[in-house]
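Each chain gets a letter, A, B and so on, in the order the sequences are listed, and its residues count up from 1.
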Number of protein chains: 4
Amino acid sequence: MARVMRLGRVELNVLNLDRSVEYYTKVIGLEETGRMGNSVYLKAWDEFDHHSLILTKSNKAGLVHLAFKVETLDDLAYYERKIEEFGCTTTRISSNTRLAEGEAVHFILPTGHHCELYHEIGFLGTAVGTKNPHPWPLGIKGIAPHRLDHLLLTGDDLKTVTRFFVEVLNFGQSERVVTEGEEELVGSFLFTTNTAHDIAFVKGPDAKLHHAAFGVDSLHDVFKAADLLSMYEVPFDVTPTRHGISRGQTIYFFDPSGNRNEAFAGGYMAFRDMPTITWDASKIGTGIFYHRRELSESFMKALT
Amino acid sequence: MARVMRLGRVELNVLNLDRSVEYYTKVIGLEETGRMGNSVYLKAWDEFDHHSLILTKSNKAGLVHLAFKVETLDDLAYYERKIEEFGCTTTRISSNTRLAEGEAVHFILPTGHHCELYHEIGFLGTAVGTKNPHPWPLGIKGIAPHRLDHLLLTGDDLKTVTRFFVEVLNFGQSERVVTEGEEELVGSFLFTTNTAHDIAFVKGPDAKLHHAAFGVDSLHDVFKAADLLSMYEVPFDVTPTRHGISRGQTIYFFDPSGNRNEAFAGGYMAFRDMPTITWDASKIGTGIFYHRRELSESFMKALT
Amino acid sequence: MARVMRLGRVELNVLNLDRSVEYYTKVIGLEETGRMGNSVYLKAWDEFDHHSLILTKSNKAGLVHLAFKVETLDDLAYYERKIEEFGCTTTRISSNTRLAEGEAVHFILPTGHHCELYHEIGFLGTAVGTKNPHPWPLGIKGIAPHRLDHLLLTGDDLKTVTRFFVEVLNFGQSERVVTEGEEELVGSFLFTTNTAHDIAFVKGPDAKLHHAAFGVDSLHDVFKAADLLSMYEVPFDVTPTRHGISRGQTIYFFDPSGNRNEAFAGGYMAFRDMPTITWDASKIGTGIFYHRRELSESFMKALT
Amino acid sequence: MARVMRLGRVELNVLNLDRSVEYYTKVIGLEETGRMGNSVYLKAWDEFDHHSLILTKSNKAGLVHLAFKVETLDDLAYYERKIEEFGCTTTRISSNTRLAEGEAVHFILPTGHHCELYHEIGFLGTAVGTKNPHPWPLGIKGIAPHRLDHLLLTGDDLKTVTRFFVEVLNFGQSERVVTEGEEELVGSFLFTTNTAHDIAFVKGPDAKLHHAAFGVDSLHDVFKAADLLSMYEVPFDVTPTRHGISRGQTIYFFDPSGNRNEAFAGGYMAFRDMPTITWDASKIGTGIFYHRRELSESFMKALT
Ligand SMILES: [Ca+2]
Ligand SMILES: [Ca+2]
Ligand SMILES: [Ca+2]
Ligand SMILES: [Ca+2]
Ligand SMILES: [Fe+3]
Ligand SMILES: [Fe+3]
Ligand SMILES: [Fe+3]
Ligand SMILES: [Fe+3]
């Protein structure tokens with residue numbers, strides 16, 4: 001079977017739908033592609049599918065669900081079976097339960113997060129088209145990421161969730177953080193694309209979101225994003241720096257509901273034959289923030 | 001079966017082995033990892049495997065073979081069978097025919113190029129290691145690419161070679177260049193990783209090499225590479241510019257034997273569900289050189 | 001007396017005022033600040049003064065005049081006297097001959113170009129203001145240079161015009177291009193700010209303009225500018241490269257009348273105690289285009 | 001009279017000469033150019049003069065003296081007289097009191113710092129030479145700044161020291177930070193070159209050093225510098241960010257004696273006719289750290 005294609009969408013709970021849509025369109029620079037019920041659907045300019053982000057009104061922030069896109073309906077059935085075999089319950093979510101979406105397979109990750117696999121979703125196309133395209137569209141606004149890039153979630157049992165992604169969903173593990181003597185796994189970075197991570201987990205309470213990351217092109221664009229956050233008075237968590245883990249360039253900040261966002265660029269190319277890079281838990285500060293070399297309290301504590 | 005993992009190695013004929021090794025180590029910044037017979041083996045600092053480039057002494061320049069790495073020996077057998085089914089003859093090349101290499105499956109592409117698939121190759125590791133690694137090694141020399149990135153080859157029948165890569169090797173086609181009415185395919189860009197291309201073909205004589213590309217991180221690094229070429233008096237073919245096709249940032253230049261090299265950065269993320277981007281042959285100038293918007297004679301004519 | 005402050009304005013003849021204004025506002029990203037008679041006045045977003053560029057309708061392209069701003073009216077009188085002493089005729093141009101301008105001192109350079117010195121000009125302020133300013137304004141359009149940067153003019157007697165700038169206007173000479181044996185001066189780069197050049201001359205017909213350059217921040221912005229030129233189908237002269245002379249990063253292109261423009265970034269800091277850098281005429285290709293290492297015919301021939 | 005040319009040299013007290021020389025050569029990437037008594041002399045690769053930094057062994061860190069270079073001996077005498085007229089005592093320091101230095105005029109700034117003016121100093125030339133030079137030298141090590149860029153000092157009476165620099169040394173004031181109602185001046189940024197600052201003062205104890213800054217070319221180089229600091233385990237004060245004041249890109253870190261260093265890139269061009277930019281003291285957090293928008297305790301407290 002083919003590999004899981006990518007992290008295709010994320011649904012976030014937000015406290016105020018209007019403020020959130022304004023933030024995700026004006027500051028992040030996503031495009032609103034539809035509304036249904038209490039949800040607004042958005043996509044980045046360089047994504048083809050109908051949406052990669054769903055904002056849903058709620059009385060508390062956090063992750064509603066994440067979903068990976070697979071290449072074919074056969075793959076969907078294949079992975080559904082493997083998930084069941086692992087011992088997770090799957091349910092089919094019917095088409096159009098959410099806007100523009102085909103049938104999805106729902107299950108709960110060992111860390112308690114609601115996850116789906118899907119193949120079918122409406123097609124809208126990128127802002128530059130597919131006929132003699134320009135490399136980027138005029139009239140870009142805000143941070144203007146190319147795409148949703150990855151999620152960092154927290155959970156208690158990282159060995160099991162890693163085993164789930166590796167054995168069931170055929171992900172690779174690019175990096176891991178282990179306590180002395182490799183006794184405990186406290187960070188796990190997993191990839192299905194050739195990027196350093198498509199989903200990652202750090203030790204913490206189950207079912208929580210640490211951050212949702214959007215992909216930009218370069219250090220220059222990370223810095224431009226940081227400038228925009230100050231212009232729009234968006235609260236920072238972490239100002240521009242490099243990750244030791246993934247080598248990427250990054251900033252962290254909060255959406256109006258307190259969901260942490262990241263603008264992320266760079267990182268190495270990951271391949272299935274790469275050995276998993278290992279960080280000692282005592283070096284996690286350097287692993288996360290390569291320059292500052294220590295974690296900050298806000299980065300560890302703020303979860304939604 | 002899993003996807004073909006990547007373009008793993010390229011063997012180039014060179015006229016003068018010493019001058020070539022000096023160029024590929026000092027200017028390109030690869031590391032020599034071994035010698036056997038008339039061949040020298042090299043790798044980039046961020047590659048794990050024993051080599052990605054083989055320089056072989058010959059009385060004419062050009063491509064000896066290209067090879068893709070697959071994830072398992074089962075995949076090797078699977079693709080071997082598919083290649084045979086397509087109608088290509090395969091032969092097994094035994095271990096250690098070349099240095100540090102396991103068994104490979106050899107065949108000839110519809111464009112006449114010698115191609116191999118392999119899984120086994122010696123492991124050396126990157127220059128930064130896998131334990132609490134720094135993002136890049138001190139003492140980097142020359143252009144210092146992360147890896148071998150892609151090849152552009154020429155051939156007469158691009159429809160068939162595209163069909164071979166898509167149907168047999170499970171590649172995606174990210175972009176194509178077609179003459180009016182889509183009568184003829186004159187450019188075909190194919191990917192197995194999530195990058196815009198891992199191998200590409202343009203209309204031309206069979207069995208020829210247009211260029212071998214090395215991957216660097218950013219526009220800044222492409223420019224640094226260009227500066228180095230002038231310091232080392234390496235002949236340029238194309239000074240820094242952007243590709244319309246792939247959106248990447250690029251320079252082209254020639255090794256001492258006249259084999260064209262590229263330093264390439266950026267480009268979009270390619271996924272299997274992307275529609276193939278189409279360029280009219282009349283716009284190929286813009287597709288190749290987004291700024292100059294026309295091909296140059298040297299770029300079209302110099303092949304090895 | 002204080003140094004001449006900067007190249008303050010340039011007046012260009014254009015063939016079609018509307019097309020030119022559209023180009024300089026939409027593509028270059030200048031702001032129109034006024035119109036008077038057959039002239040349109042523009043400034044860059046980071047300039048304080050009323051204008052730095054005047055477009056004047058004419059039946060042929062080219063430079064109408066260039067003007068340097070001095071710090072005080074005393075300086076204006078001081079330099080006026082020195083110009084006369086050098087043997088140039090000066091005339092006073094009265095206030096408001098052009099829009100928002102105070103009195104100016106007019107004279108003709110040894111190369112035949114009409115030149116002025118002035119101190120008074122209307123003040124508009126930059127787009128970010130002077131109270132707790134943001135580093136750049138939202139809503140930037142086009143190339144959006146910070147400022148007019150420098151001019152390159154042609155002339156026959158470069159020794160005399162260099163002597164004029166050095167002895168009369170107190171400029172420094174940062175770089176020069178000389179024929180064998182230093183017999184002839186064929187390029188002369190002159191500065192009054194701490195940048196590598198504020199005005200430069202290459203051997204050629206008198207009274208002609210080679211290019212007017214706008215200053216951007218970085219290689220990244222030069223590249224963005226290059227992309228925009230392709231989006232707007234502006235003809236390039238030279239795609240992104242580095243200068244040997246000045247070390248700056250650059251592109252050249254043409255306005256709708258054929259006046260050559262440059263977007264320029266970087267370059268070293270020049271100080272009055274720096275020795276003049278010398279280029280052999282045989283190396284001028286590398287001096288001008290550090291990567292290509294040879295001049296192009298269009299770059300040498302197209303003058304307005 | 002000509003303007004004061006630039007901040008030409010800084011002498012720092014260091015606790016351990018060997019460790020300090022190792023740091024300033026290996027990490028910062030300066031070149032040692034001489035030793036005399038308890039002092040080591042260094043220059044950056046792109047400086048022409050014999051040294052811009054003197055490290056002197058002492059039992060406490062801090063600034064020994066700063067010195068500005070003037071263009072001529074006449075200028076030296078002119079400024080000497082103006083300094084005396086302002087009410088500061090000047091003394092002549094004879095040639096060769098320090099290595100390779102000519103006669104200097106010494107005086108104490110209103111903030112208690114020892115300051116000198118000088119014209120004569122030995123000439124060594126840059127690492128690329130002045131004949132057909134390459135834009136940068138091969139074999140660059142460490143951060144490899146182009147030059148010493150500026151100092152930030154602390155003092156009690158910023159109005160007087162600003163008046164001294166503006167009235168006596170003919171500097172411009174690019175930016176200032178004022179308390180409500182402009183009652184007190186708590187930050188003052190002063191320039192003699194066309195950069196946003198060559199020396200600056202913030203409210204604090206007299207005679208103290210806040211930081212010495214080295215100039216690099218771009219955001220990319222600031223980030224490379226930050227990576228190097230982590231590789232060499234140099235303690236950071238501030239990881240990569242932008243200044244609101246000056247718009248520059250920056251990192252702060254400490255030399256082995258606790259003297260704060262900065263690697264600084266960018267910033268606007270300052271001209272004498274620019275209005276002074278004003279920051280409310282309540283906005284100084286944004287002025288200093290444009291992204292974080294608040295000062296840190298270490299940045300305010302650590303002085304040498
Ligand atoms: Ca990813
Ligand atoms: Ca590739
Ligand atoms: Ca200039
Ligand atoms: Ca400065
Ligand atoms: Fe992340
Ligand atoms: Fe290529
Ligand atoms: Fe120029
Ligand atoms: Fe500073």
**Student:** Would you mind telling me which of R147(C), K69(C), H119(C) has the largest number of heavy-atom pairs within less than 4.5 Å of chain D?
**Tutor:**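 Among the listed options, the one with the most contacts to chain D is R147(C).
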**Student:** Check the pair R247(C), D46(D) against salt bridge (Lys or Arg N to Asp or Glu O under 4.0 Å), reporting the backbone distance first and the verdict last.
**Tutor:** CA-CA 12 Å; R247(C) 299 184 192 157; D46(D) 205 15; 2.7 Å; yes
**Student:** Using a 6.0 Å cut-off, check whether atom NZ of K203(C) has over 12 heavy atoms from anything other than its own residue.
**Tutor:**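 It does: K203(C) NZ has more than 12 such atoms within range.
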**Student:** Among the options T126(C), N194(C), T276(C), I284(C), pick out the one with the most heavy-atom pairs lying under 4.5 Å from chain D.
**Tutor:**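 Looking at each option in turn, the highest pair count goes to N194(C).
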**Student:** Compare every heavy atom of W279(D) with every heavy atom of P133(C), then report the nearest pair and how far apart it is.
**Tutor:**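 Where P133(C) meets W279(D) most closely, the heavy atoms are O-CH2, 3.3 Å.
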**Student:** May I ask you to name which of P135(D), G125(D), G287(D), G266(D) has the most heavy-atom pairs under 4.5 Å with chain C?
**Tutor:**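 So the answer, after comparing P135(D), G125(D), G287(D), G266(D), is P135(D).
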**Student:** Within a strict 4.5 Å, meaning less than it, do heavy atoms of the H146(D) and M269(C) side chains meet?
**Tutor:**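 H146(D) vs M269(C): side chains apart.
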**Student:** For the CG atom of D273(D) and the CZ atom of F123(C), what is their distance to the nearest 0.5 Å?
**Tutor:**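 Between D273(D) CG and F123(C) CZ, I get 8.5 Å after rounding to 0.5 Å.
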**Student:** Go through the atoms of S246(D) and report whether side chain, backbone, both or neither lie under 4.5 Å from a heavy atom of chain C.
**Tutor:**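 No part of it gets close to chain C.
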**Student:** Is it the case that atom NZ in K82(D) sees more than 12 heavy atoms from other parts of the structure closer than 6.0 Å?
**Tutor:**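 More than 12 within 6.0 Å, yes.
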**Student:** Quick one: closest heavy-atom pair of E71(C) and R272(D), and the distance?
**Tutor:**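 Smallest interatomic distance, heavy atoms only, reads OE2-CG, 3.4 Å.
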**Student:** S218(D) versus chain C, heavy atoms under 4.5 Å apart: side chain, backbone, both or neither?
**Tutor:**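 No part of S218(D) comes within 4.5 Å of chain C.
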**Student:** Please classify the contact between H134(C) and chain D as side chain, backbone, both or neither, with a heavy-atom cut-off of under 4.5 Å.
**Tutor:**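 H134(C) touches chain D through backbone and side-chain heavy atoms alike.
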**Student:** Flag the one option from P275(D), G244(D), G215(D) with the top tally of heavy-atom pairs under 4.5 Å to chain C.
**Tutor:**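 That would be P275(D).
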**Student:** So for V128(C), is it side chain, backbone, both, or neither that comes closer than 4.5 Å to the heavy atoms of chain D?
**Tutor:**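 Side chain of V128(C) only, per the 4.5 Å heavy-atom cut-off to chain D.
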**Student:** With a 4.5 angstrom heavy-atom cut-off, could you sort out which part of T286(C) is near chain D: side chain, backbone, both or neither?
**Tutor:**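 Contact with chain D involves no heavy atom of T286(C) at all.
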**Student:** Among E175(C), M5(C), H220(C), which residue has the highest count of heavy-atom pairs closer than 4.5 Å to chain D?
**Tutor:**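 Ranked by contacts with chain D, first place is M5(C).
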**Student:** Find out whether M274(D) and F48(C) are in side-chain contact, i.e. whether some heavy atom of one side chain is under 4.5 Å from a heavy atom of the other.
**Tutor:**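 Side chain of M274(D) against side chain of F48(C), heavy atoms only: contact under 4.5 Å found.
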